[in-house]
Every structure is written in structure tokens, then in C-alpha cells.
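Just so we're on the same page: letters track the sequence lines, and every chain starts at 1. What's counted below: heavy atoms across the whole structure, side chains too, no hydrogens, waters or symmetry copies.
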Amino acid sequence: MSQPSLVNQVIKRPWLKRWLMPLSNWYTDAAGYRKLGLRADDLIPEESETVLLALKRLPPKEAYDRVFRMRRAFQCSLSHQLLPKNEHTKPEEDYPYLSPIIKEIEAELAEREDLEAMVVKRPARKRPPSMEGLAMTRDVHVAAQTIESE
Amino acid sequence: MLSRSAIGRQAQRALRKQCQQPANRRGLAAPASGSFQYETGTAAGVKFASRDMPGPTTTLALVSRAGTRYEPLPGLTVGLKGFAFKGTERRSALRIQRESELLGSELTSSHSRENLMIGAKFLRDDLPYFVELLAEVASQTRYAPHVYHEEVDAIIKMQQKKFLANVKEMAFNSAHGLAFHRGLGVPLNPSSSLPLSKYLDADTIAEFAASAYAKPSFAVVANGAEHAELSKWVNEFFGDVRSQPASDLKGEQSKYFGGEERIAHGSGNAMVLAFPGSSSFTGGFYKPEISVLAALLGGESTIKWSPGFSLLSQAGAKHPGAKIETKSNIYSDAGLLTVTITGPAKAVGGAAATVVETLQKIASGVSTEEFQKAKALAKFKELENGQNTSAAIELTGAGLVHGDKAYQIDEVAKAVDGVNEDAVKQAAKTILEHKASVSTVGDLFMLPYAQDLGLKV
């Protein structure tokens, strides 16, 4: 459920990062969620199996804080108010607490997909018939490793 | 002695021969091939043993001294067992599973009161892969909280329920609890009334793993692998394993207490009469006469369609429905001789009284023939157990971990050979003089108290 982004490409190029950083800060601030005391990861839509599982895997303290932030933001939204300046989310508090877990789950799912789609190939080489049984399993092992490295 | 119609001439001759001259017989205990013997060694600080049996498959196991006896908090052994072959730093649980499936193998994990075994059975050529896998499980398993909550915890809860429904297991564990209190008395599976969540989570299990999977606490045992090859791979892969345990897993010397416990239960009846037994051969309290006494008491027939020779199976025939089993449970420094009776409440009560009567009879005298049969059976069981791969692996691993000495089955069989009738009589007498551990589970209205049976508790 992680959004597509060019962050990695930008960070690789320091000149571009230096150039885009003020723009990015301005944009994040203008998005307004920090003024409601939220973090960027609170905005990830919950309506998917992956995110629901990730939410279950949150440490208890993180899960509690998340609910607190959301309730506070909801109240602010209902009363058409912003939080006082000192309660705004500070940039250093706005770290990704949920997306690493989501990425982990996505990697697990992708790995499962890969393994499901794996084709075990046997080499065409001819072997003496007595070695047939053992040789076959060795080749399967090798095939598994090649897939691993791909 | 035996009527001709009842038994063939050859069998009569064989029996006579066995009874008359046991000393001349070439004992099973002295196999010419020496295939029972494990070769032992140390590589990268890890003790290992192997025996090269001809055949296309290998059984490999890591035997750790992390049984329920040594767990610092309840349930840790079961928790650690649940984490075996789960995700490691290098690969996920799914990948481990799929890779081992591709190679055609079986991954196992089990525990006993003293040991935790994680192992694999596979084709001989794949030895390096599985040595690496065991080393990875021992040193790089990730004890992640979500794995515990999503996978391990559910299985533990199921095991608790299964344990709660099994009267025999319950009585057996309760008898151990009565006999040894803590240590060996800790139940093999945590019961469901235990507040496990208080003690068990990923962090405590990780801490326990740091002690259980440290070099001095485990041994690697292989059945059907070349010694030199195993040595090479253990040396290569087990280098990263912790060299010192985080905290020592030393258990105290077990002490026998005894007593009685009665637990009401709705589904079935079980009674366990337990008496102090024999420690393992390497332990300080080895008494071979106890295993002969267990075979003499018996209860289960070794042949079909007949109650067999053992005293309890013959006596038990008077109480239809009651199933009697006698076992000499051997641990590293203590033992427990248990007679387990299950069945309908009335039959169990009657059979329990018979057990005590039989013991009293043995204390006053045993017939030579029965004694010889019991001795032969005890020896057979011992050797058969030693030949059985999984039991032999556990015994060998435990022997290495506890005392730098592999379990030498030949010596045990020799010790059983040396038992005489007086020793068995004396053993029965001592048992009756000391306190017994009696555990009763089931319909308590019908089941008798230990005192009614004539046992001291």
C-alpha cells in the first residue's frame, strides 16, 4: 500500500535533493496534516488486507498513539479548528512507523508469488541410470538457487 | 513346565536353552558390526556425533539441553520449539519450507523433559544444506513479536487444549509433578490454566534461545552420515553460534518427594502409580533391576491375541477394559517407574489394587522362568530403543551435552544382563517401603485413594 514515489532517485542525486528539499518541506506543511497532529503514515488508507495486517503487527504503544492522534485530528476537523502551534507534529516526529511493516508484508507476499510461479527445470544432460534418483534432487536444488539469485 | 500341545517342540527347546544357560548365549548386546556406536568429535567448539549406516537417507538433529526441566519460565521450551524453522535473518519461513520440500526432506521439532530436538531427514547428498539450515536456526532465527502472535501462540493454545482433554497425559504429568516438584516435575506441555501470556513472549523466548543454542548447551547428531564430512560442515557453518550461554541452564539434582493428587475430569479415567526409578546409565543412580522390574510388571502384550507373560497383563485380564502400561522413565539424574492404568472407572480402580498386590508378590518372590522372560524383554526393549533412530539421536545428543559421553547401548545391555532375582525382589520391596506418587484423574467418586490401595503417600 506504499505510494509510488521518486524519493530514492532524488536522494541519490545530492544536487537535486538540495534543490527539492525546500519545495518538499513547503508541500508537506501545506498538506496540513501536521497541523492536525497527524503523521504521514496515518494517512495511508486502511482498507486493504496488507495494511490491516500491518496495523495488527504494530507494537502496542505505537498502536495506542496512532488511535490517539486520529481521534484528536477528528475532533479538530469536526470543530473546524487547528491544534495550537506547540502541538503540531514536528518534522522529526513525522517518521514512517507503519510503512516499513507494510513493505515487509509486501515483500512476503511477493516472495510467495515468486515461489508459487517457480518452474523447476531439469537439465537435459544424460546420466547413468543408477544416479538418476540422487541426481534429480541435486538439480532441483540448483534450480532453486538460480531462481533465488534472479 | 509347558504342555506339548500349547507350544511347539522347537520353541520349547529354545525356551529351555534360554532359561538354562543365559551366560553362554551370544548376547545381542555385542553386535559384531559395532553399528550401534556413534563416533564423536568436536568441530568449531560444537560437540557432534555420527554413525554411518548404509542407506540413501540421513537423519540429522540438534539436541539442546532446553527441555521443560531447564526452562526458567513456564512454556519457554514449547515456545522455542514453535520458533524452529521460522524466519531467520537470511530467509523466510516460507522459503525454508519450500526449499526443503524441493530437496525432498522432512523437518521435525520435538521436546522431552530434558531435551529439545530440532532436526531433519533428507537424502544423503544434501547434508551441507541441512547442516547450514540447523546452524541458521540456532544462530539467526528472528524472534519477531508478530511471528509469535500469528503462528506460535495459536499452536501453543491448541496444545494446551489437547493436553487438557487427555486424562492419561494429565495423570502422567501430575505424577511427575508429585514426584519431583520442580525441574523434572514441570509438565511437558503447559496446562491451559497457566497464565502463559505473563511469561511467554518473543523477547523471553529470544533470551532463552541465547542460552539453549549456545555451543556448550547442544550437540549435533547424525545418523547415516560420514564422520569426516559432518565434521567438515559443522566446522564451516556452526562458527557463528554463540560460544557462551546467556545464562546457565544448570538444573539442580532431582529429589524424590511423592504424594497423591486427585483431579476430577469428565472424559475418561486414568491412574498413574509412580515410584522412584533409575537414572540413565551415565547418571549416578543407575539401577538396571528397575527396567527388569518394569518388564516383569508389564501390562501390554508383546504378541497378538494373548495377554502375554507379564504379571500385570495377566492380572489385568480380570478387569476387562482396563489398559495397563508399565514404563521405567529414565532421566539424566533420576528416574520414575510408572504404572499407568486407563479405562472405565471401576476397572481402573480394580486394576490399581491388583498392581499393588502384584508388587507385594514380587517383593516376596519371583519365579525363575518369569524372571528370565522379563530380563530378555528388558534387554530387547533397551536395544530396540537404541536402534530406533530418533530415540538413539536424543540419547546420544543428551549424553554428549550432559557428560561428554555418547550413550553406549552395549554397556546398558550388559548391565541388564547382570541383574539377578534378588535385586528385583529387593527393588520391589524398597519401592513399597518408600512414598509413592499417585495421581488420579477422572471420576473421583469411583476411583480409589492411594491409602485404600495399600500404598504409602
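Salt-bridge check for A:Lys56 with B:Glu150: failed, with every basic side-chain N at 4.0 Å or more from each acidic carboxylate O.
Residue A:Glu113 places its CD atom among 12 or fewer non-hydrogen atoms of other residues, nucleotides or ligands, all under 6.0 Å distant. No more than 12 heavy atoms of other residues, nucleotides or ligands lie within 6.0 Å of NZ in B:Lys121, so this atom counts as exposed by the packing criterion. Environment of CD in A:Glu93: crowded, with over 12 heavy atoms of neighbouring residues, nucleotides or ligands closer than 6.0 Å. More than 12 heavy atoms of other residues, nucleotides or ligands sit less than 6.0 Å from atom CE of A:Met70.
Proximity of B:Arg98 to A:Glu111: side-chain heavy atoms (C-beta onward) are nowhere separated by under 4.5 Å.
Both the backbone and the side chain of A:Glu116 come within less than 4.5 Å of a heavy atom in chain B.
Considering all non-hydrogen atoms of both residues, A:Leu115 and B:Arg95 come closest at CD1-CA, 4.2 Å.
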